[in-house]
Amino acid sequence: MATCVRAALVCWGLCLLIQVPVHLFCGGNSSFRSLRSSRAAVVTFDLDDTLWPVVEVVEEANQQIARAYDLPADQVMGAMRRLRREPVGESASYTSLRCMAYAELLGGDEATAEEIVKAWVAARNRAGALHLYPDVVPCLEGLASSGAMVGAITNGAGNPSDIPPLADFFHFCVSAEEDTIFPHRKPSPVIFEEALARARALGWSGKTEWWHVGDDLATDVAAASRVGMRTVHVDRPGQTENRFSVSSKEELAARQAGADSEPDLQVSTLKGLAERIAS
Ligand SMILES: [Mg+2]
C-alpha cells in the first residue's frame, strides 16, 4: 500500500513538473490555445472581407441599431461621410466618427452616443459570427492542429475574441481603432510591429515564419511584406465593393499606392491554407 502511495506521489510530482512550464508559457490565460511546437508559424488575418463580407456585417449592425434606437442607417452614414470631409472628422478613427454622427443626430447627447457605439460594435461582432465565410473555421482548425499562433490585424472594430466561433482560435487581436494604435492603420508598419510585440509577449521566439492573410493588396500584402512577413492574398470571387467605407483621403491614397503588390501566395479560398503554409 505504501508503495502505491509513493508511486502516486511521484506521478503527481512529475505531472506538476510538466504542467508548470506550460502554464508559464501560456501566461496563465486559459482562453488562449498554447503553441504546441516551437517551429510552428504565426499566422495573422485581416478580418473584414477576409473572414466575413464587411458589407453584410455592417449592414446588419446598422439595421439593428436603427431598430433599437430609432436612428435610420442612411442618416448615420450620411452624417459620417459629411463629418469625414470636415476638419473635426478628417483624421478621426471610425469609432470616433460614428460617435460624432450619433451625437449629432441625438442633438449633442454624447453619453447616449457612446452607449450606442458600444451596442453597434457588439452587433457588428454578432453579425461577423453569422456571416463567417464557410472556409474560415476549417482553416483555423487546420492551423490549430499545426500548432500555429493565430492573430488578427485589423483596421476595423471587429474582434475575434468577442465572436464565439472564433474566440478559441485566436491568441491576439490588434486593431487600429485601439487608442494606443490609432492613427497607425494598415498599411502603417506600426500596427504590424505591435502585432510582432504581442506575439513575442505570448511566447513567439521570432525564429519561425510569420504569414499575414488578407484581401487587400496594399494594406495587407504590401504592408506586411515591408515588415518581413510572408503574405497570402485572398481574392474571393464575387466580393462586393464596400459601400459603407468612410476611409480618409490618406488611406485611399495608400491603398492606391500598393495596389500592384505581389503576394507569396494567391488564393480564392482559405480551404487548405494550413497545409499550403506548412509545405
Ligand atoms: Mg479586408
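When a ligand or atom number is given, it counts from 1 through the structure's own listing order. Just the heavy atoms: all of them, side chains too, but no hydrogens, waters or symmetry mates, feed the values below.
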Would you mind checking if [Y] and [X] are paired as a salt bridge, meaning a charged N to carboxylate O distance below 4.0 Å?
X	Y	answer
R198	E194	yes
E177	R98	no
K186	D46	yes
R124	D48	yes

| said: Under a 3.5 Å distance rule, please check whether E114 uses its side chain to pair with a backbone N or O of A111 as donor and acceptor. | reply: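 Answer holds: no.
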Exercise for the section: Would you check if there is a donor-acceptor pair between the side chains of H212 and D220 at a distance under 3.5 Å? Expected result: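 Result is yes, a qualifying pair exists.
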#### Entry: Under 2.8 Å from the Mg ion (ligand 1) - protein N/O/S, by chain and number
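Listed by chain and number, the nearby protein N, O or S atoms are D46 OD2, D48 O, D215 OD1.
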